Undergrad: 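First the structure, which I've put down as structure tokens, then a few questions once you've had a look.
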There are 2 protein chains.
Amino acid sequence: MTKSKNTSETILDIAQSLVQEFGFNGFSYAHIADKVGVKTASIHYHFPNKEDLGEALIVRYLQRFVAATAHLDSVTKNSKEKLRKYTLLYSEPVQDFCTCLSVMLASDVATLPEKMREGLARFFEANLTWLERVLDEGRREGDLHFEGASHLRAHQILASFQGGQLLARSFRDPGKFHRIAEEALFALS
Amino acid sequence: MTKSKNTSETILDIAQSLVQEFGFNGFSYAHIADKVGVKTASIHYHFPNKEDLGEALIVRYLQRFVAATAHLDSVTKNSKEKLRKYTLLYSEPVQDFCTCLSVMLASDVATLPEKMREGLARFFEANLTWLERVLDEGRREGDLHFEGASHLRAHQILASFQGGQLLARSFRDPGKFHRIAEEALFALS
DNA sequence: GTCTATACAGCGATAGAC
DNA sequence: GTCTATCGCTGTATAGAC
């Protein structure tokens with residue numbers, strides 16, 4: 001594990017933070033270039049156009065989500081605890097008065113190229129699938145208690161997490177997200 | 001009540017639909033002008049700059065919300081029924097594969113001028129205040145059943161409605177919003 | 001792989017005629 | 001109240017030298 005990254009990864013890091021703060025149409029190659037310390041032409045070398053950059057961002061984001069939940073599943077057995085850790089995946093951007101990548105892209109969806117839309121849907125699908133499985137397991141093993149379809153509950157949880165991020169940001173109060181997330185999990189006790 | 005509107009109102013109507021589809025930074029005066037059938041200079045006559053236009057949009061949106069909930073309160077007594085009608089306020093944009101104005105502005109918040117941010121926070125505050133009151137009344141009168149603070153529940157409902165809009169849009173499935181909203185109200189039975 | 005230079009479209013905004 | 005004309009700036013993107 002080396003400390004320094006290659007330029008492509010650095011560009012993706014900066015681009016992701018810019019999307020999370022300003023949206024996919026709220027930043028330019030010039031913004032990335034300034035932060036990375038190169039010229040815009042160099043960015044185009046790594047990602048010929050903004051569509052390529054956007055797709056790379058989503059692919060990486062989904063990969064990281066899959067890796068994070070896989071690791072989470074391997075080290076945690078209690079379903080309630082799994083959900084608590086899932087919450088933490090989304091609390092980092094909230095602390096920086098941002099939202100996660102998927103919330104920003106979801107609101108920009110009308111201006112996104114088709115491949116990015118498909119990638120975004122895949123990301124949400126992965127979240128819902130994981131949530132539904134954890135809810136089912138938790139109910140079967142007695143860690144979670146709720147009525148109705150786990151499928152609907154998964155949607156409910158994901159939706160409130162997304163909306164919670166928007167509210168926290170609008171009020172400049174990260175605590176709003178945490179209280180909303182806590183309330184969502186409390187309902188499963 | 002006349003059928004035709006003045007130009008300012010027409011501009012606001014078009015602008016609102018554009019914000020709801022593309023975000024505050026995703027449309028230009030040229031887009032409005034084309035749809036209204038005038039030139040961009042005319043838009044600047046009514047709203048000197050985009051900030052003025054944005055503020056007018058939010059002010060009108062809050063006024064309409066206050067009027068809608070006031071009317072809703074006057075014609076409906078059952079709290080559960082009130083919440084069901086509240087849901088309908090947000091389901092119109094979802095059918096058009098858009099989100100409500102507040103969701104779009106909330107995700108654009110980092111690029112908005114201060115007055116627009118304040119207006120947005122006021123709009124959310126109005127939603128939360130109304131929800132909290134209806135939740136309290138409903139529990140007191142036996143129409144609604146839930147545990148914990150109504151304040152937290154109000155946040156939970158608003159958040160899931162906002163997130164539900166983003167999910168419905170991302171999957172191009174308005175039904176997702178309706179199922180999420182239904183699930184949120186079902187929990188109050 | 002990064003640079004300089006540049007093309008070209010779109011943006012918000014203004015001046016001044018009608 | 002709407003128009004034409006125009007300005008200055010920023011956006012994405014490319015060609016070609018190093």
Side-chain angles (χ1 to χ4, degrees), chain A residues 2-58 104-105 107-117, chain B residues 2-58 104-105 107-117:
Chain A
T2 63
K3 190 183 170 195
S4 60
K5 299 171 184 176
N6 60 35
T7 309
S8 290
E9 279 296 307
T10 307
I11 291 171
L12 288 175
D13 290 342
I14 302 286
Q16 181 171 333
S17 71
L18 287 168
V19 175
Q20 290 184 177
E21 186 167 4
F22 305 113
F24 193 68
N25 302 308
F27 74 99
S28 69
Y29 271 44
H31 293 124
I32 306 175
D34 285 349
K35 291 213 176 193
V36 177
V38 293
K39 300 297 174 181
T40 61
S42 298
I43 315 289
H44 280 283
Y45 169 80
H46 295 280
F47 303 97
N49 55 51
K50 216 175 172 183
E51 185 170 340
D52 298 318
L53 176 60
E55 288 170 26
L57 278 178
I58 297 180
M104 288 308 285
L105 294 182
S107 59
D108 287 333
V109 80
T111 64
L112 298 183
E114 186 57 26
K115 278 200 174 182
M116 287 185 69
R117 294 192 210 191
Chain B
T2 63
K3 190 184 171 195
S4 60
K5 299 171 183 176
N6 59 36
T7 308
S8 290
E9 279 296 309
T10 307
I11 291 170
L12 288 176
D13 290 342
I14 303 286
Q16 182 172 333
S17 70
L18 287 169
V19 175
Q20 291 185 349
E21 188 167 3
F22 304 113
F24 192 69
N25 301 309
F27 75 100
S28 69
Y29 272 45
H31 293 124
I32 306 175
D34 286 347
K35 290 212 175 193
V36 176
V38 293
K39 299 296 174 183
T40 61
S42 299
I43 314 288
H44 280 284
Y45 169 80
H46 294 280
F47 302 97
N49 55 52
K50 215 176 173 183
E51 185 170 341
D52 298 319
L53 176 61
E55 287 171 26
L57 277 178
I58 296 180
M104 288 308 285
L105 294 181
S107 59
D108 288 333
V109 79
T111 63
L112 299 182
E114 186 56 27
K115 277 200 174 182
M116 288 186 68
R117 294 192 209 190

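Predicted model only: the values in this text are computed from it and were never measured. Throughout, a chain's letter reflects where its sequence line sits, starting with A, and its residues are numbered from 1.
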Undergrad: Please give me the minimum heavy-atom distance between M104(B) and E21(B), naming the atom from each residue.
TA: CE-O, 4.3 Å
Undergrad: Please check: side-chain N/O of D108(A) versus main-chain N/O of F24(A), any donor-acceptor pairing under 3.5 Å?
TA: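 Yes: the side chain of D108(A) pairs with the backbone of F24(A).
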Undergrad: Separation of F22(A) atom CZ from dT10(D) atom C1', in whole Å?
TA: 15 Å
Undergrad: Contact class for Y29(B) vs. all strands (heavy atom < 4.0 Å): base, sugar-phosphate, or nothing?
TA: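 Here Y29(B) touches the backbone only, sparing every base.
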Undergrad: To the nearest angstrom, how far is I43(A) atom CD1 from dG11(D) atom P?
TA: 13 Å
Undergrad: CG of L57(A) to CG of L105(A): how many Å apart, nearest 0.5 Å?
TA: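 CG of L105(A) is found 7.5 Å from CG of L57(A).
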Undergrad: Rounding to a whole Å, what distance do you find between K50(A):NZ and dT14(D):P?
TA: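 Roughly 15 Å, once rounded to whole Å.
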Undergrad: If only atom types and distance count, is the side chain of D34(B) paired as donor or acceptor with the main-chain N or O of H31(B) below 3.5 Å?
TA: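 A pair under 3.5 Å: no.
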Undergrad: Would a 4.5 Å heavy-atom cut-off, applied to side chains only, mark F27(B) and K35(B) as touching?
TA: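 No. Closest side-chain heavy atoms not under 4.5 Å.
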Undergrad: Would a distance-only check, ignoring hydrogens and angles, find a side-chain to backbone donor-acceptor pair under 3.5 Å from Y29(B) to K50(B)?
TA: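 At least one qualifying donor-acceptor pair exists.
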Undergrad: Given atom CG of D52(B) and atom P of dG12(C), what is their separation to the nearest angstrom?
TA: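 Taking CG of D52(B) and P of dG12(C), I get 13 Å after rounding.
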Undergrad: Write down the distance between CG (L18(A)) and P (dG11(D)), rounded to a whole number of angstrom.
TA: 11 Å
Undergrad: Return the nearest nucleotide to the side chain of T40(B); candidates are dA13(C), dT4(D), dT2(C).
TA: dA13(C)
Undergrad: To the nearest 10 degrees, what angle separates the axes at the start and end of the helix from dG1(C)-dC18(D) to dC18(C)-dG1(D), five pairs each?
TA: 0°
Undergrad: Reckon S42(B) has a side-chain N or O less than 4.0 Å from the OP1 or OP2 of dG1(D)?
TA: no
Undergrad: Under the side chain to side chain contact (heavy atoms under 4.5 Å, CB included) rule, what do L53(B) and L12(B) come out as? Steps first, then yes or no, please.
TA: CA-CA 8 Å; L53(B) 176 61; L12(B) 288 176; 3.7 Å; yes
Undergrad: Taking the side chain of T7(A) as its heavy atoms from C-beta onward, which of dA13(D), dT2(C), dT2(D) lies nearest to it?
TA: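 Looking only at heavy atoms from C-beta outward on T7(A), the closest nucleotide is dT2(C).
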Undergrad: In this structure, how many angstroms lie between the C1' atom of dT10(D) and the CG atom of D34(A), rounded?
TA: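 To the nearest whole Å, that distance equals 13 Å.
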Undergrad: Return the nearest nucleotide to the side chain of V38(A); candidates are dC3(C), dA15(C), dT12(D).
TA: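 It is dC3(C).
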Undergrad: State which of dG12(C), dT2(C), dA13(D) makes the closest approach to the side chain of Y45(A).
TA: dT2(C)
Undergrad: Without decimals, in angstroms, what is the distance between H46(A) NE2 and dC3(C) C1'?
TA: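 In whole Å, dC3(C) C1' lies 12 Å from H46(A) NE2.
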Undergrad: Need one value for F47(B): base, sugar-phosphate or nothing, where a base atom within 4.0 Å counts as base even if backbone is also close, heavy atoms only.
TA: nothing
Undergrad: Starting at atom NE2 of H44(B), determine the distance to atom P of dA5(D), rounded to an integer number of angstrom.
TA: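 Going from NE2 in H44(B) over to P in dA5(D) covers 17 Å.
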Undergrad: So, is S28(B) near the phosphate of dG10(C), with a side-chain N or O under 4.0 Å from OP1 or OP2?
TA: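 Checking dG10(C) against S28(B), no side-chain N or O comes under 4.0 Å of OP1 or OP2.
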